[in-house]
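Structure first, commentary second.
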There are 2 protein chains.
Amino acid sequence: MKLPVATEWALHCATSLAQLEVGTTASAADLAEYFGLPAAYLAKQLQALTRAGVLAATTGPRGGFRLGRAPADITLLQIVEAVDGTSAPYECREIRQQGRGALPDSWCRHECILAVKMADAHQAWRANLDAVTLADILDELPPTAPARTRKLLGRGPSQAH
Amino acid sequence: MKLPVATEWALHCATSLAQLEVGTTASAADLAEYFGLPAAYLAKQLQALTRAGVLAATTGPRGGFRLGRAPADITLLQIVEAVDGTSAPYECREIRQQGRGALPDSWCRHECILAVKMADAHQAWRANLDAVTLADILDELPPTAPARTRKLLGRGPSQAH
DNA sequence: GAGGTTCTACTCGGATAGTTAGTGTCCGAGTCGCCATGG
DNA sequence: CCATGGCGACTCGGACACTAACTATCCGAGTAGAACCTC
């Protein structure tokens, strides 16, 4: 059971984008340079986050990614499942109904107790991540962090003239 | 994040072995036929369970696997981590200290808050599985299940003469 | 008939190939901003 | 000087190779049991 490495990338990128002024964007290349990551592969993950509604993408010059919802409405679970998928790690293949010792159907009216317990644990994991929002994360950062992030990463909308 | 298919095998094999009389063993080939699984690969997983102390192995004729401890002292977590390893699914690679936006060391005195939250969720998952023992599972099975399992799978110690 | 010995067959255990999912990369479609041009 | 049209560059989006882990398999070391032989 191993989460993709990109999970960490997604969490940090979302946290950084949450620190920018509303209306401000950062391109995939900017974020890649900011964290020292492969740009193309990071872009792939940001696309997944966009499909999930966590981020919103704008094309063209001065375009890039920004948060798709308010930080208080984005949970860590949504970010993790956007890049890793929503399927449960334990998949019951009903081996109790296979082989020489296959149980009769009458014994399988209820779901396999082992699968239930594994699903319960997974739900506990999900609930734990779903209880933490990006707003909660921002509260834990040093007060000077947003200003620093904006300086190094932020890029405001067209402000010429 | 995906658990190996062998996780289900391990859980069901341990549950079945827990239903046998004490002193009774079942070989890897027996269990493989009982569940309709590839024998050699299943044996590899049973070896892992043996290394973890969940099972105990006996070689030679009439040998095989049996529970290494009392069912009440074996938790689902021990079985799962025996086959999947104990490493956490989320591995923090400290990308906050890499790239253009690398944070200074003074900001990294505490562990990354995101890594903490991910670790918390993993611990919740582990605690959930560690709270369920094989004895708990046996209590949930139909009363007639152990007799059936013993009949189809069990193979008592030498009873010749 | 009893004991010892040998032998066989069965067990686990680790080392060796094949296949799927994650990782990394590339190129193309679309869009916004800038610049030159004309009024 | 201002409005407009065209152009260019930058952006995301999806399609194509490469690597690591899980899956599957084989053969070898060790041991308990049984058969056999001897006394």
Side-chain angles (χ1 to χ4, degrees), chain A residues 1-10 13 17 23-33 36-52 55-66 68 80 82-85 87 89-91 93 95 155-161, chain B residues 1-10 13 17 23-33 36-52 55-66 68 80 83-85 87 89-91 93 155-161:
Chain A
M1 189 171 58
K2 195 185 64 166
L3 280 169
V5 179
T7 307
E8 183 182 3
W9 307 356
C13 285
L17 289 175
T24 306
T25 62
S27 71
D30 293 337
L31 288 164
E33 186 185 0
L37 302 174
Y41 190 35
L42 175 63
K44 189 181 180 66
Q45 309 305 327
L46 297 177
Q47 291 169 25
L49 288 167
T50 302
R51 276 193 294 270
L55 300 185
T58 311
T59 67
R62 297 260 173 193
F65 293 95
R66 66 180 189 278
V80 170
V83 301
D84 186 53
S87 58
Y90 181 84
E91 183 185 358
R93 300 194 181 180
I95 66 171
R155 184 182 52 177
S158 178
Q159 294 171 347
H161 303 285
Chain B
M1 189 171 59
K2 196 185 65 169
L3 281 169
V5 179
T7 307
E8 183 181 3
W9 307 355
C13 285
L17 290 175
T24 306
T25 62
S27 71
D30 293 336
L31 287 165
E33 186 186 2
L37 302 175
Y41 189 36
L42 175 63
K44 188 181 181 63
Q45 309 305 327
L46 297 177
Q47 291 169 25
L49 288 168
T50 302
R51 277 193 293 270
L55 300 185
T58 310
T59 66
R62 296 261 175 192
F65 293 94
R66 67 180 190 280
V80 171
V83 301
D84 186 54
S87 59
Y90 181 84
E91 182 185 358
R93 299 195 181 179
R155 185 181 53 179
S158 177
Q159 294 170 348
H161 302 285

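- For K2(A) and dT19(D), the NZ to P distance is 16 Å, given to the nearest whole Å.
- In terms of heavy-atom proximity, L17(B) sits nearest to F65(B) at CD2-O, 3.6 Å.
- Side-chain contact between L49(B) and C13(B) is absent, with no heavy atoms from C-beta onward closer than 4.5 Å.
- Taking atom CG on L3(B) and atom C1' on dA21(C), their separation rounds to 15 Å, with Å as the unit.
- Here the shortest heavy-atom pairing between A10(A) and V83(A) reads CB-CG1, 3.8 Å.
- Nucleotide dG22(C) holds its P atom 17 Å from the OH atom of Y90(B), rounded to whole Å.
- Whole-Å rounding puts the L55(A) CG to dG13(D) P distance at 10 Å.
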- Once base and sugar-phosphate atoms are separated, protein heavy atoms under 4.0 Å mark nucleotides 4-19 of chain C, 5' to 3', with B, S and - as ------BSSBBB----
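- Shown here for T25(A) and G63(A), the closest heavy-atom pair between the two residues is OG1-O, 3.3 Å.
- Side-chain N or O atoms of D84(B) include one that pairs as donor or acceptor with a backbone N or O of M1(A) at under 3.5 Å.
- In terms of modelled atom types and a separation under 3.5 Å, the side chain of E8(B) and the main chain of R93(A) share a donor-acceptor contact.
- Phosphate proximity of dT23(D) to Y41(B): present, with a side-chain N or O under 4.0 Å from OP1 or OP2.
- In this structure, E91(B) atom CD and dG22(C) atom P are separated by 16 Å, rounded to whole Å.
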